[in-house]
A.B. asks: 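I have a structure here, written as structure tokens, and I will follow up with some questions on it.
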Amino acid sequence: MELSTLKTALLVRDLGSFAAVARLLDLDASSVSRVIAQLEQDIGFRLFQRSTRSLAPTGEGELYLNRIAPLVEELDAAGEEARTTAVSPRGTLRMTASISFVQECLIPILPEFRQRYPDIDIELLASDANLDLRADGIDLAVRFGSMPKGDWIVAKLMTTSYRVVASPGYLETEGPMTNPDDLSNRECICFAIPGFRTTWQFRKDGMQPVSVPVGGATVISNALSIRSATRLGMGVALLPIMLVERDLKRGTLVDVFPDYACAAATFETAAWLVYPSRSYLPQKVRVMIDFLKKHYGRPVT
């Protein structure tokens with residue numbers, strides 16, 4: 001019984017359909033179905049109850065799959081560990097991060113990573129949506145915000161902080177702001193995710209945070225586009241320091257409230273490294289984690 005067959009069965013359990021597994025493995029759904037049928041013939045009972053609308057483990061199948069899952073993980077890890085003791089890190093690293101982090105932070109350092117690890121191929125999924133690590137076959141994700149929840153391994157890459165910014169032209173036309181409450185009467189360019197589009201948080205000199213309602217005619221789902229719109233004088237925006245640091249130094253954007261700490265839903269935010277829970281971390285993932293920590297494993301203030 002091949003290890004790949006058992007791994008396919010576990011994927012069918014996790015993803016809930018032959019079609020989803022086929023997409024992940026770049027196979028025909030009929031091929032996945034044949035693999036499962038042959039496995040069921042070998043073990044002598046049905047693993048999955050099939051219907052036109054659903055697929056779920058049988059009672060016997062659930063017991064069997066739960067029992068073999070840690071064994072398959074150990075066998076997979078043993079093979080990976082043995083291979084990496086003799087060769088440099090290799091294989092395809094499938095990774096996801098927000099579009100802005102990919103553009104501003106990952107792309108500039110990828111040439112160095114590729115030079116250091118030429119046998120690692122990178123599949124980089126730039127998305128502001130939180131992709132499903134298992135369903136999309138992702139080895140490593142970079143997530144922003146509060147600590148991610150779920151059955152994952154999570155490690156902090158760096159703390160994050162935000163600034164409220166506007167263009168010099170906008171402030172000249174609309175007038176300066178001295179207090180966060182002034183935002184209630186201003187055009188704000190809001191991020192199209194919960195916690196960013198209706199209220200912003202402000203804190204000064206250790207005082208209790210104050211929530212200020214914000215709104216405007218423009219809501220955008222991408223931080224880089226929000227930065228571009230802000231540069232053009234379309235309004236005021238709340239953006240991560242890593243995206244506006246150069247603009248603030250050049251004067252293309254202005255820190256509207258330099259005496260205040262700013263946030264969206266909470267001040268307790270960070271960039272997190274997230275990867276599937278397993279007892280052995282593949283070397284290709286380990287070296288990328290170490291590489292990212294070398295470049296960005298520091299507070300951003």
A.B. asks: Would you say S100's side chain and A223's backbone share a donor-acceptor pair under 3.5 angstrom?
C.D. replies: no
A.B. asks: If you round to the nearest 0.5 Å, how far is CG of D247 from OG1 of T252?
C.D. replies: 3.5 Å
A.B. asks: Does T96 use its side chain to pair, donor to acceptor, with the backbone of L125 at less than 3.5 Å?
C.D. replies: yes
A.B. asks: Find out whether L239 and R163 are in side-chain contact, i.e. whether some heavy atom of one side chain is under 4.5 Å from a heavy atom of the other.
C.D. replies: no
A.B. asks: Do I109 and K294 have side chains that approach each other closer than 4.5 Å (heavy atoms only, starting at C-beta)?
C.D. replies: no
A.B. asks: Short question: side chain of E187, backbone of A217 - any donor-acceptor pair under 3.5 Å?
C.D. replies: yes
A.B. asks: Nearest 0.5 angstrom please: R227 CZ to L232 CG, how far?
C.D. replies: 12.0 Å
A.B. asks: Between the main-chain N or O of V287 and the side-chain N or O of Y117, is there a donor-acceptor pair closer than 3.5 Å?
C.D. replies: no
A.B. asks: Can you see which heavy atom on P276 is nearest to which on D139, and at what distance?
C.D. replies: CD-O, 3.5 Å
A.B. asks: Let me confirm one number: the OG1-CE distance from T160 to M242, rounded to the nearest 0.5 Å.
C.D. replies: 8.0 Å
A.B. asks: Does D182 reach the main-chain N or O of N179 with its side chain, forming a donor-acceptor pair under 3.5 Å?
C.D. replies: yes
A.B. asks: Going by heavy atoms in the side chains, are E104 and L224 under 4.5 Å from each other?
C.D. replies: yes
A.B. asks: Going through the checks in order, is the side chain to side chain donor-acceptor pair (under 3.5 Å) test met by R34 and S31?
C.D. replies: CA-CA 5 Å; R34 285 194 296 271; S31 299; 3.2 Å; yes
A.B. asks: Measure the shortest side-chain to side-chain distance between L273 and V142 over non-hydrogen atoms and say whether it is less than 4.5 angstrom.
C.D. replies: yes
A.B. asks: How about F257 and K204: do any of their side-chain heavy atoms sit closer than 4.5 Å?
C.D. replies: no
A.B. asks: Is a side-chain donor or acceptor of T173 paired with a backbone partner of G169 at a separation under 3.5 angstrom?
C.D. replies: yes
A.B. asks: Scan V21, D132, L10 and name whichever one has a side chain to side chain contact (heavy atoms under 4.5 Å, CB included) with L15.
C.D. replies: V21
A.B. asks: Just so I know, are the side chains of F101 and L106 near enough to count as touching, which here means a heavy-atom distance under 4.5 Å?
C.D. replies: yes
A.B. asks: Between F291 and R116, is there a cation-pi geometry (under 6.0 Å to ring centre, at most 45° from the normal)?
C.D. replies: no
A.B. asks: How about Y260 and V210: do any of their side-chain heavy atoms sit closer than 4.5 Å?
C.D. replies: no
A.B. asks: First locate atom CD of E2, then atom NZ of K7, and finally report the distance between them rounded to the nearest 0.5 Å.
C.D. replies: 11.5 Å
A.B. asks: Which one of L11, V32, D136 satisfies the side chain to side chain contact (heavy atoms under 4.5 Å, CB included) criterion with L24?
C.D. replies: L11
A.B. asks: Is any side-chain heavy atom of Y64 closer than 4.5 Å to one of F45?
C.D. replies: yes
A.B. asks: Could you report the tightest heavy-atom contact between E40 and L47, atom names first, then the distance?
C.D. replies: OE2-N, 2.8 Å
A.B. asks: Quick one: pull up CZ in F202 and OG in S211 and give me the separation to the nearest 0.5 Å.
C.D. replies: 9.5 Å
A.B. asks: Within this structure, what is the CD1-CG distance for the pair I153 and L133, rounded to the nearest 0.5 Å?
C.D. replies: 11.5 Å
